[in-house]
2 protein chains.
Amino acid sequence: MEVTLSRKEQIEKTATALFRKRGFSATSMRDLANELGIEAASIYSHIRSKEEILQRVCFRMANEFFEAIDKVDDPEATASARLQAAITAHVQVLTKNTEASAVFLYEWRHLSEPYHAEFLTLRDRYEKHFREIIKAGISIGEFKVPDEKFAVLTILSGLNWIHTWYKPDGKMNAEEIAANLATMLLNGLKQT
Amino acid sequence: MEVTLSRKEQIEKTATALFRKRGFSATSMRDLANELGIEAASIYSHIRSKEEILQRVCFRMANEFFEAIDKVDDPEATASARLQAAITAHVQVLTKNTEASAVFLYEWRHLSEPYHAEFLTLRDRYEKHFREIIKAGISIGEFKVPDEKFAVLTILSGLNWIHTWYKPDGKMNAEEIAANLATMLLNGLKQT
DNA sequence: TAAACAACCTAACGTTCGTTAGCAAATTTT
DNA sequence: AAAATTTGCTAACGAACGTTAGGTTGTTTA
């Protein structure tokens, strides 16, 4: 399945790798151009600004995460099953796009307004999905945690470290990682 | 307990806040000077370079984390007790220095060599402490996890998110946070 | 009281930055 | 074959960057 990327997509992909490795601010347009084998000014035939690249990566990934958890959610299922599904979906997006995920997770603060504010709104809505599952689990006694906000942040941060070490050819594949993490984090919610 | 900071310490503290908020690369010496109410050039009466500030913060925090877990470790205790103690110590350092912790966790990649390499060595040695506790717990059947490296990274990343939301006057104090996190993460290791 | 030091200043250095203007060649579309 | 689009170039802009040189002032030490 060879996919031919448009020049704009190539730029975005190369930029993503650099933003991840050195950070948005420490990556210059000349660095990016050098990596692409062209001049810095040439990039502006395809994009409007350096920040536009960051915007596209951040909001594309936000979309991916939303679509993934929406697709697998079944409001009729138990809280455990719903949370397990959401965790698995989240891990799948993370492992399928490690570089873009890293940018999504750590470089969004370099977005200017109104994108910065919009991003934070989206992120909170995403976390809300997890909060509501956990709240439902608490109310019927399935989970025992002092605070659902606290639990969600711990779970998500436990997941969001994956991009730093995940390698597609490592000893665990994405499904195994997702399963192990889900078991481990779900068990943590069922305190005795 | 009023503590008078030397000018150098004031610079370091102010820089830490800026590095945390905007990142190391996006913080200029003129920003820092402006925050201090002086000219950028004046800062160089007290420090050698911008990176020196980052180095001091990163390695000071590395020391704090090491001292904290060394002080509470009892190799004779059970793996659960040891891990609980380490988690509590780690959380205490994090909550007592949220800004410096954020810099320590996310800005170290802007260190130049040989500091960059030295930092990674220290970090790995720190994680090794946790790995060994968990390995001990696995070998006597106290913990059931597929991979201790995996478990350590999940635990530490679950803890290292604290700095983003912890407020000293929030509804949970540092001890409660540490206790809740320890319970939640320890339970996750004792899979049935 | 003289010497040493701490703290800050103005001015400027050489470099790098994101970006624009204007143009040329190749490719695709009509 | 003409027109439009894509992709790239050189040259340069104004601004911002980390840092140095050299000097001034006030405070502390000998």
Side-chain angles (χ1 to χ4, degrees), chain A residues 2-59 103 106-116, chain B residues 2-59 103 106-116:
Chain A
E2 274 287 328
V3 181
T4 318
L5 297 180
S6 73
R7 206 63 176 114
K8 187 163 182 174
E9 288 166 331
Q10 283 178 41
I11 291 170
E12 203 175 296
K13 195 184 170 187
T14 309
T16 302
L18 287 176
F19 290 171
R20 187 246 189 120
K21 206 195 300 183
R22 315 188 206 174
F24 176 75
S25 303
T27 303
S28 74
M29 293 303 279
R30 284 165 178 87
D31 286 342
L32 174 54
N34 192 54
E35 202 80 15
L36 289 161
I38 58 176
E39 292 297 317
S42 305
I43 300 175
Y44 288 85
S45 297
H46 306 90
I47 58 151
R48 250 185 292 276
S49 68
K50 183 185 176 188
E51 202 197 301
E52 195 204 27
I53 307 178
L54 182 62
Q55 288 160 12
R56 290 172 60 93
V57 176
C58 285
F59 288 101
V103 173
Y106 302 111
E107 305 300 329
W108 56 266
R109 60 178 166 161
H110 296 110
L111 291 169
S112 63
E113 298 300 346
Y115 303 98
H116 185 266
Chain B
E2 274 288 331
V3 182
T4 318
L5 298 180
S6 74
R7 206 63 176 113
K8 187 164 184 174
E9 288 166 331
Q10 282 178 43
I11 291 170
E12 203 174 296
K13 193 183 171 188
T14 308
T16 301
L18 287 176
F19 290 172
R20 187 248 187 115
K21 205 194 301 183
R22 314 187 205 173
F24 176 75
S25 302
T27 302
S28 74
M29 293 303 278
R30 285 165 178 86
D31 286 343
L32 174 55
N34 192 52
E35 203 79 13
L36 289 160
I38 59 176
E39 292 298 315
S42 305
I43 299 175
Y44 288 84
S45 297
H46 306 89
I47 58 150
R48 250 183 292 274
S49 68
K50 183 186 175 188
E51 201 197 302
E52 194 204 28
I53 307 177
L54 182 63
Q55 288 160 13
R56 290 171 61 92
V57 175
C58 286
F59 289 100
V103 172
Y106 303 112
E107 305 300 328
W108 57 265
R109 61 179 166 162
H110 297 109
L111 292 169
S112 63
E113 297 300 347
Y115 303 99
H116 185 266

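Between B/Y106 and B/R20 the shortest side-chain heavy-atom distance does not fall below 4.5 Å. B/E35 places none of its side-chain heavy atoms less than 4.5 Å from the side chain of B/T27. For the pair A/Q55 and A/C58, the minimum side-chain heavy-atom distance is 4.5 Å or more.
The distance between atom CD of A/Q10 and atom C1' of D/dT6, rounded to the nearest whole Å, is 13 Å. Atom CD1 in B/I38 sits roughly 12 Å away from atom C1' in C/dA6 (whole-Å rounding). To the nearest angstrom, C1' of C/dG18 lies 15 Å from NE2 of A/H110. One can place CD1 of B/I47 at 16 Å from C1' of C/dA6, the figure rounded to the nearest angstrom. The distance between atom CD of A/E9 and atom P of D/dT6, rounded to the nearest whole Å, is 14 Å. In this entry the distance linking NZ of B/K8 with P of C/dC8 reads 14 Å, nearest Å. The CZ atom of A/R7 sits 8 Å away from the C1' atom of D/dT7 (whole-angstrom rounding). Between A/E39 atom CD and D/dT7 atom P the separation is 17 Å, expressed in whole Å.
Between the CZ atom of A/R48 and the CD1 atom of A/I43 there is a distance of 15.5 Å, given to the nearest 0.5 Å. Atom CD in B/E107 sits 13.0 Å away from atom CD1 in B/I53 (nearest 0.5 Å). The structure places OG1 of A/T16 at 11.5 Å from CD of A/E9, a figure rounded to the nearest 0.5 Å. Here the CG-CD distance, from A/L54 to A/E12, works out to 10.0 Å after rounding to the nearest 0.5 Å.
Regarding contacts with the backbone of C/dA6, every side-chain N or O of B/H46 stays at 4.0 angstrom or more from both OP1 and OP2.
Across all their heavy atoms, B/K50 and B/S25 have their closest contact at NZ-O, 4.0 Å.
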Q.
Base contacts versus sugar-phosphate-only contacts with protein, heavy atoms under 4.0 Å: please encode nucleotides 23-30 of chain C as B, S and - from 5' to 3'.
A. --------
(Q) What does the B/S/- profile of nucleotides 16-26 of chain D look like, 5' to 3', with a 4.0 Å heavy-atom cutoff to protein? (A) -BBBB------
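Within 6.0 Å of NZ on A/K21 lie no more than 12 heavy atoms contributed by other residues, nucleotides or ligands.
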